[in-house]
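Some notes on the structure that comes next.
Indexing begins at 1, ligand by ligand and atom by atom, following the structure's order.
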Amino acid sequence: MRYERPDTIEEATALLAGAEANAFVLAGGTDLLVRMQSDAFEADLLVDIKAISGIDAVSETDDGFIIGAAVPSAALSEDAALVAAWPGVVEAANLIGSTQIQGRCTIVGNLCNASPAADSVPALVAAEAQVRVAGPSGTRDIPVIDIPTGPGKTSLAKGEIIEAVVLPKPPPMSGDAYLRFIPRTEMDIAVVGVGVNLTLDEGGTVTAARIALGAVGPTVVLVDKAADAIIGSKLEDAALDALAAACSDASNPIDDKRGTVAFRKQVAGVLARRATQTAYARAGGK
Ligand SMILES: Cc1cc2nc3c(=O)[nH]c(=O)nc-3n(C[C@H](O)[C@H](O)[C@H](O)COP(=O)(O)OP(=O)(O)OC[C@H]3O[C@@H](n4cnc5c(N)ncnc54)[C@H](O)[C@@H]3O)c2cc1C
């Protein structure tokens with residue numbers, strides 16, 4: 001196996017594009033190194049992206065935030081401006097694993113590992129985040145929701161690397177939140193995860209909403225019906241009931257030892273309601 005640690009994104013994409021087989025980007029390694037322990041796993045080339053200049057930085061721009069693909073989750077909570085703008089995205093990233101894992105893992109690795117239960121992905125989808133993809137033919141921005149195509153699968157082509165996550169600047173009176181259910185208190189995989197992002201008017205009425213569910217389908221489910229149920233409301237009980245029902249209906253989970261289909265569907269509604277109330281309060285709603 002070859003290990004490369006290029007200094008530029010162009011070198012990294014060229015290495016991946018030129019690889020004959022089984023080439024992987026290495027970010028924090030908290031998924032990849034675990035997979036490498038398996039006898040069935042084979043890698044011919046690992047391209048470690050952590051030495052690429054600027055890829056470990058968070059920067060605030062006029063339009064929002066650019067989070068480099070090698071920024072560890074733990075660093076996100078140290079960026080006060082990011083926490084103030086996108087508390088839900090940061091809380092999702094800070095639920096991944098343990099303190100030790102968060103010191104290494106990245107939200108881009110979480111996205112590209114393409115687990116249906118990945119914690120940061122519903123929060124990023126709710127935030128309408130994009131990723132900047134570098135490849136042999138240049139760079140393009142695409143919505144986060146378009147990256148995972150199924151468990152363990154992404155839409156990235158050969159030679160492509162995600163360079164950064166691009167988060168928009170939230171409009172005034174906006175708030176986001178992420179909640180997950182796990183059977184233990186930490187170090188467990190989400191049975192259901194819910195990301196919510198709301199914008200209110202001056203009177204506290206919801207004017208825009210995005211509700212994204214994780215772990216209840218092969219990829220994140222964006223529930224437009226749940227958003228429609230609360231747009232125009234101040235989260236009265238009827239609106240929250242309709243939101244919860246829409247989330248339960250949109251869930252199409254698997255049945256396993258971690259939770260039955262019926263349980264997961266119910267929890268999706270309960271968590272969506274709670275995360276929406278948190279996002280509403282963060283947006284300044286009373
Ligand atoms: C003990 C433990 C607990 C965990 N708990 C959780 C949890 O609670 N919630 C959760 O969601 N996950 C959890 N995980 C899984 C893992 O930590 C996360 O998915 C993490 O965010 C992966 O990030 P990474 O940087 O370590 O990715 P890596 O392992 O470096 O990479 C993961 C995959 O993404 C690809 N990749 C990485 N970066 C890029 C890039 N820039 N462009 C293209 N492809 C890329 C890699 O090639 C690889 O296929 C846990 C893992 C462990 C070991």
**Item:** Val196-Val192 co-clustered via ILVMFWY side chain contacts under 4.5 Å
**Value:** yes

**Asked** For atom 34 (O) of ligand 1, which candidate among Cys112, Ala92, Pro72 provides the closest heavy atom?
**Response** Cys112

**Request:** Take every heavy atom of Ile189, measure it against each atom of ligand 1, and state whether any distance is under 4.0 Å.
**Result:** no

**Request:** Just need the protein heavy atom nearest to atom 14 (N) of ligand 1, so name the residue and atom and give the distance.
**Result:** Ile96 CG2, 4.1 Å

**Asked** Nearest heavy atom to atom 37 (C) of ligand 1: which of Gly109, Ala114, Ala215 does it belong to?
**Response** Gly109

**Item:** Residue part near ligand 1, for Arg180, under 4.0 Å between non-hydrogen atoms
**Value:** side chain

**Prompt:** Is there any side-chain hydrogen bond (donor to acceptor under 3.5 Å, both in side chains) pair reaching into residues 229-253, and which pairs are they, with sequence neighbours excluded?
**Reply:** Asp241-Arg273

**Prompt:** Does atom 50 (C) of ligand 1 have a protein non-hydrogen atom under 4.0 Å from it?
**Reply:** no

**Gln100 contact mode with ligand 1 (heavy-atom cut-off under 4.0 Å)** = neither

**Prompt:** Does a side-chain heavy-atom distance below 4.5 Å link Val267 with Val191?
**Reply:** no

**Message:** For the 3.5 Å polar cut-off, considering only N or O atoms, please tell me whether Arg104 and ligand 1 meet it.
**Reply:** no

**Request:** State, yes or no, whether a side-chain contact exists between Leu82 and Ile67 at a heavy-atom distance under 4.5 Å.
**Result:** yes

**Prompt:** Among the heavy atoms of Arg35, does any lie under 4.0 Å from an atom of ligand 1?
**Reply:** yes

**Message:** For ligand 1, which is the ligand I care about here, please tell me if Val25 has any N or O atom under 3.5 Å from one of the ligand's N or O atoms.
**Reply:** yes

**Asked** Considering only heavy atoms, does Ala69 approach ligand 1 within less than 4.0 Å through its side chain, its backbone, both, or neither?
**Response** side chain

**Pick from Ala190, Gly97, Gly214: the one approaching atom 4 (C) of ligand 1 most closely through a non-hydrogen atom** = Gly97

**Fill in**
among protein heavy atoms, the one nearest atom 17 (O) of ligand 1 is Thr30 OG1, 2.7 Å

**Geometric N/O contact Ser120 with ligand 1, under 3.5 angstrom** = no

**Request:** Just need the protein heavy atom nearest to atom 28 (P) of ligand 1, so name the residue and atom and give the distance.
**Result:** Gly29 N, 3.4 Å

**Asked** How about Pro183 and Arg258: do any of their side-chain heavy atoms sit closer than 4.5 Å?
**Response** yes

**Request:** Could you see which bit of Ile49 sits under 4.0 Å from ligand 1, with heavy atoms only: side chain, backbone, both or neither?
**Result:** side chain

**Request:** Locate the shortest heavy-atom distance separating Ser174 from Thr199; write the atom from each residue and the value.
**Result:** OG-OG1, 3.0 Å

**Item:** Sub-3.5 Å N/O-N/O distance, Val108 and ligand 1
**Value:** no

**Request:** Determine, stepwise, if the pair Lys50 / Leu26 fulfils side chain to side chain contact (heavy atoms under 4.5 Å, CB included).
**Result:** CA-CA 8 Å; Lys50 291 189 288 295; Leu26 174 67; 4.2 Å; yes

**Request:** Answer yes or no: does atom CD of Glu4 have more than 12 heavy-atom neighbours from other residues, nucleotides or ligands under 6.0 Å?
**Result:** yes

**Complete:** atom 1 (C) of ligand 1: closest protein heavy atom, distance to 0.1 Å, is Met187 CE, 3.6 Å

**Message:** For ligand 1 and Ala118, I'd like to know whether there is a polar contact (N/O to N/O, distance under 3.5 Å).
**Reply:** no

**Asked** Which protein heavy atom lies closest to atom 15 (C) of ligand 1, and at what distance to 0.1 Å?
**Response** Asp31 OD1, 3.2 Å

**Request:** Look at atom 29 (O) of ligand 1 and say which protein heavy atom is nearest, naming residue and atom and giving the distance to 0.1 Å.
**Result:** Leu32 N, 2.7 Å

**Message:** Atom NZ of residue position Lys158 - does it have more than 12 heavy atoms of other residues, nucleotides or ligands inside 6.0 Å?
**Reply:** yes

Would you be so kind as to tabulate the donor-acceptor pairs closer than 3.5 Å made by side chains of residues 277-286, with sequence neighbours excluded?
residue : atom : partner : partner atom : Å
Thr278  : OG1  : Arg274  : O            : 3.2
Tyr280  : OH   : Gly204  : O            : 2.6
Arg282  : NH1  : Glu91   : OE2          : 2.9
Arg282  : NH1  : Asp176  : O            : 2.9
Arg282  : NH2  : Glu91   : OE1          : 3.1

**Item:** Part of Ile101 with heavy atoms under 4.0 Å of ligand 1, whether side chain, backbone, both or neither
**Value:** side chain

**Prompt:** In terms of ring plane angle, is the pair Phe24 and Phe41 parallel, tilted or perpendicular, where the classes change at 30° and 60°?
**Reply:** tilted

**Request:** Indicate, as side chain, backbone, both or neither, the part of Leu111 found under 4.0 angstrom from ligand 1 when only non-hydrogen atoms are considered.
**Result:** neither

**Message:** What protein heavy atom lies closest to atom 41 (N) of ligand 1? Include the residue and the distance to one decimal.
**Reply:** Ile162 O, 2.8 Å

